[in-house]
Amino acid sequence: MALRFSANLSWLFPELPALPARLEAAAAAGFGAVEAAWPAGCPAQELRAAAERARVRIALLNTPPGDPEAGELGLAAVPGRQAAFREGLEAAVRYARAVGCPRIHVMAGRVPLGTDRAAVAGEMETTFIENLRYAADLLSQEDMIGLLEPINNRITDPRYYLNTPHQAAAILEKVGRPNLKLQLDLFHCQIMDGNLSRNLETYFPLIGHIQIAQVPGRHEPDSPGELNFPYIFEFLESLGYTGYVGCEYAPKGETLEGLGWLRSYWESRGLQDGGTSKAAK
């Protein structure tokens, strides 16, 4: 079965200023779904109206980052910020409900400034587990999925708490809630561990969302780099992956000009732009 791709509006179409315009551009390019980080400044009704006009699904949103001026990037694992985390989670659930989004990336957050990672690791894990159980209960009331994304601390974010699929899987096991899943960004996974085929096989039962970008530049999948995406796409198909593949990369130029890889994928599967079967036309 052919893969389904989601345009990450926080990364793609940066030439357009507003999320609704980016969504409409993604739909025109053939995407059937979109995703985004926390959509600050974009009223939910505007994004939902754009999605309905374009007949595009909103597949994923993030929880709010917290206080960016204080260096925060998520709050779920940050000790002492539990009340702010719950407030932000509730805001994310309201927004996701309003736009019809079934998945929320519950951002773990960063090791607090001035602290040693090893010294606070135990307290951060305890905080994370407690907050995730709270999140799972709230999300289950809305029939939503919560996602945990490991972010590499070698290049992208040295202070981010959750860094590897192994760490995320261990926390998911301790939390023990079926509506919490792994969000596996292959860019981060390659930087931290490589061994993508085995990691995809190992963690496949936990995966609720996948994201892609070339390594190390974080550009289009067909840009020069370490990852063989034609192989990866075939491997995901062989595993029977039916979720979305989020395109979370920085276009090297105009977004549309860089989508040749996606048009080639659709063509190789006998699909029209947007992943619809040519035979169905």
Residue that, paired with E72, satisfies salt bridge (Lys or Arg N to Asp or Glu O under 4.0 Å) out of R159, R110, R81:
R81
Are side-chain N/O atoms of R4 and Y244 paired as donor and acceptor at under 3.5 Å?
yes
Testing the basics here: between N179 and S140, what is the closest heavy-atom pair and its distance to 0.1 Å?
ND2-N, 3.4 Å
Short side-chain donor-acceptor distance under 3.5 Å, S197 and Y231:
yes
Check whether more than 12 heavy atoms from other residues, nucleotides or ligands sit under 6.0 Å from atom CZ of R103, and answer yes or no.
yes
Does a side-chain heavy-atom distance below 4.5 Å link W11 with R22?
no
When you check the side-chain N and O atoms of Q190 and E226, is any donor under 3.5 Å from an acceptor?
yes
Please tell me whether F128 and I151 are part of a single hydrophobic cluster in this structure, the criterion being side-chain heavy atoms less than 4.5 Å apart.
yes
Can you see which heavy atom on L182 is nearest to which on P165, and at what distance?
CD2-CB, 4.5 Å
Within the 4.5 Å heavy-atom criterion, are L206 and K181 side-chain neighbours or not?
no
Donor-acceptor pair between N163 and R117 side chains, under 3.5 angstrom:
yes
Pairs flagged by side-chain hydrogen bond (donor to acceptor under 3.5 Å, both in side chains) wherever residues 42-51 is involved - sequence neighbours left out:
R48-E52
What do you reckon, are the aromatic ring centroids of Y265 and F5 less than 6.0 Å apart?
yes
Salt-bridged, K252 to E257, with N to O below 4.0 Å?
no
Give the table of side-chain donor-acceptor pairs shorter than 3.5 Å for residues 29-41, with sequence neighbours excluded, one pair per line with atom names and distance.
{"residue": "E35", "atom": "OE1", "partner": "S6", "partner atom": "OG", "Å": "2.9"}
{"residue": "E35", "atom": "OE1", "partner": "H209", "partner atom": "NE2", "Å": "2.9"}
{"residue": "E35", "atom": "OE2", "partner": "N8", "partner atom": "ND2", "Å": "3.2"}
{"residue": "E35", "atom": "OE2", "partner": "Q211", "partner atom": "NE2", "Å": "2.7"}

Pairs in or reaching into residues 65-87: which pass ring pair (Phe, Tyr, Trp, His ring centres under 6.0 Å), with residues at least two apart or in two chains?
none
Do you know the tightest heavy-atom contact between T255 and F13?
OG1-N, 2.8 Å
Face-on cation placement of R218 at Y249 ring, 6.0 Å and 45° thresholds:
no
